[in-house]
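Note sheet for the following structure.
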Amino acid sequence: MDLNDNQEEATFREEVQSFIKSEAPTAKKGISGEEALVANWEVNQAWFKKMAKKGWIAPAWPEEYGGAGLSTMQQFVLNEEMALNRVPRPMHLIIGLGMAGPTIIVHGTEEQKKEHLPGMIAGEDIWCQGYSESEAGSDLASLQTKAVRDGDDYIINGQKIWTTLAHMAKKMILLARTDPDAPKHKGITYFIMDMKSPGVTVQPLMNMADTHEFNEVFFDNVRVPKENVIGEENRGWYSAMTTLDFERSAIGSTIGMKQSIESLIDFAREHVGDHTSALKKNRMLRYELADRMIEVEMARMLSYRVVSLQSRGMIPNYEASMMKLYNTEMNQRIARTGQHVLGLYGQLGRGSHLAPNEGRNCYTYLRSVAYTIEGGTSEVQRNIVAQRGLGLPRD
Ligand SMILES: Cc1cc2nc3c(=O)[nH]c(=O)nc-3n(C[C@H](O)[C@H](O)[C@H](O)COP(=O)(O)OP(=O)(O)OC[C@H]3O[C@@H](n4cnc5c(N)ncnc54)[C@H](O)[C@@H]3O)c2cc1C
């Protein structure tokens with residue numbers, strides 16, 4: 001097994017490194033994820049525009065649609081270097097670039113591609129995903145939001161929940177029921193909705209980390225033109241299942257988590273003798289930190305497995321679920337270890353001058369809970385691994 005770059009990958013890595021060195025804003029040590037994004041919005045937007053010009057904002061998209069058409073390995077190198085250099089990543093664009101765009105590329109008409117893809121690829125349009133409802137999450141096909149044909153439009157009534165970025169989004173990918181009598185997977189249609197349409201109401205929901213990421217969205221007789229149906233009426237379920245790789249290997253999050261552990265280790269070393277140190281009181285903490293470091297190395301290997309499958313033209317299936325499950329639960333263990341290292345001070349959030357690491361650990365601890373729910377819960381991922389990976393019967 002050779003994990004080194006070949007000549008082509010090494011050359012590409014140098015190109016990425018020099019682009020980052022000359023163009024990327026410098027991020028604060030230890031800041032990553034959503035925090036890095038919002039910390040300096042204007043500067044980050046300028047950086048994302050520069051990435052967009054190179055096509056690197058959608059590295060896996062075909063060049064004809066404005067992507068970079070990178071190979072799996074080049075995409076991996078790009079993501080790895082961005083994470084290693086702690087540069088801000090355009091996470092607010094991920095529903096457009098990682099879900100809506102690829103679905104339009106595969107199932108959309110030429111007119112739909114012309115209308116919707118350029119704003120995504122320019123790094124300008126924020127999209128949101130209107131799938132989940134209060135009674136339809138893991139069992140998404142139970143959704144009840146209705147779309148009824150009326151002339152050249154559909155009229156939408158119903159409600160979505162947990163809609164990330166709906167308060168900032170220009171457009172939504174929306175699943176609605178068009179045939180209430182069909183078996184539940186077969187009566188669903190996939191729409192694109194303009195978030196400024198009359199009858200759309202967005203109400204904020206605060207998460208337990210006290211940030212505003214997601215929302216409830218209500219539809220009261222909202223008109224959506226028939227041209228905004230992606231694929232065929234009643235076959236939206238199959239379009240909804242389409243995603244292309246934005247970053248399937250998750251190498252970026254693995255590196256980010258390794259950096260979090262390193263910063264905890266630095267903190268433990270620096271404060272070993274003072275009042276913020278829990279190391280003196282709990283000598284087992286060094287074992288805990290060692291365990292987290294071993295786990296993050298295992299997560300890296302899972303990433304390599306996924307990227308190796310992809311680079312051989314295979315589609316990761318239960319392997320992607322293994323990685324999502326392992327990474328998100330590991331993230332929670334890292335956050336918990338962070339609390340053990342910082343002791344009671346770890347509970348202080350932003351705004352307290354006594355909070356170590358500017359209160360980041362407190363935020364990470366609270367936010368890490370949601371990662372095991374969003375994008376399919378841990379139980380759902382375990383079901384996939386058990387059935388498709390281990391060949392066990394359905395529950
Ligand atoms: C931070 C965050 C952002 C989100 N953003 C969006 C978004 O932008 N758009 C959107 O549409 N949705 C979004 N969601 C919703 C997310 O997709 C759902 O929360 C998720 O699919 C789980 O659905 P649920 O909350 O209805 O829980 P439920 O499906 O009701 O599950 C409740 C519990 O039962 C378990 N369970 C359910 N079914 C099974 C089963 N078959 N076997 C074993 N256990 C089971 C679950 O694991 C869970 O523990 C977001 C969620 C979060 C937390």
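Ligands are counted one by one from 1 in listed order, and the atoms in each one are counted from 1 as well. Throughout, residue positions are numbered sequentially from 1 according to the sequence presented.
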- Task: Would you kindly say whether R235 and S239 are connected by a side-chain donor-acceptor distance under 3.5 Å?
- Result: no
- Between E133 and T145, is any side-chain donor less than 3.5 angstrom from a side-chain acceptor? yes
- Would you call E115-K171 a salt bridge at under 4.0 Å N-O? no
Would you mind writing out the side-chain donor-acceptor pairs for residues 186-194 within the sub-3.5 Å range, not counting sequence neighbours?
| from | atom 1 | to | atom 2 | distance (Å) |
| --- | --- | --- | --- | --- |
| T189 | OG1 | T178 | OG1 | 2.5 |
| T189 | OG1 | N234 | N | 2.8 |
| D194 | OD1 | K196 | N | 2.8 |

- Query: Does the side chain of M293 reach to within under 4.5 Å of the side chain of K258, using non-hydrogen atoms?
  - Reply: yes
Quick one: ligand 1 N/O to protein N/O pairs below 3.5 Å?
| from | atom 1 | to | atom 2 | distance (Å) |
| --- | --- | --- | --- | --- |
| ligand 1 | 5 (N) | W162 | O | 2.9 |
| ligand 1 | 5 (N) | T164 | OG1 | 2.7 |
| ligand 1 | 8 (O) | W162 | O | 3.4 |
| ligand 1 | 8 (O) | T164 | N | 3.0 |
| ligand 1 | 8 (O) | T164 | OG1 | 3.2 |
| ligand 1 | 9 (N) | Q129 | O | 2.8 |
| ligand 1 | 9 (N) | Q129 | OE1 | 3.3 |
| ligand 1 | 11 (O) | Q129 | O | 3.3 |
| ligand 1 | 11 (O) | Y131 | N | 3.1 |
| ligand 1 | 11 (O) | S132 | N | 2.7 |
| ligand 1 | 11 (O) | S132 | OG | 3.2 |
| ligand 1 | 12 (N) | S132 | OG | 2.7 |
| ligand 1 | 17 (O) | S132 | OG | 3.4 |
| ligand 1 | 23 (O) | S138 | N | 3.3 |
| ligand 1 | 29 (O) | S138 | N | 2.9 |
| ligand 1 | 29 (O) | S138 | OG | 2.6 |
| ligand 1 | 42 (N) | N383 | ND2 | 3.0 |
| ligand 1 | 47 (O) | T377 | OG1 | 2.7 |
| ligand 1 | 47 (O) | E379 | OE1 | 2.6 |

- Message: For a 4.5 angstrom cut-off between non-hydrogen side-chain atoms, does W56 reach M82?
- Response: no
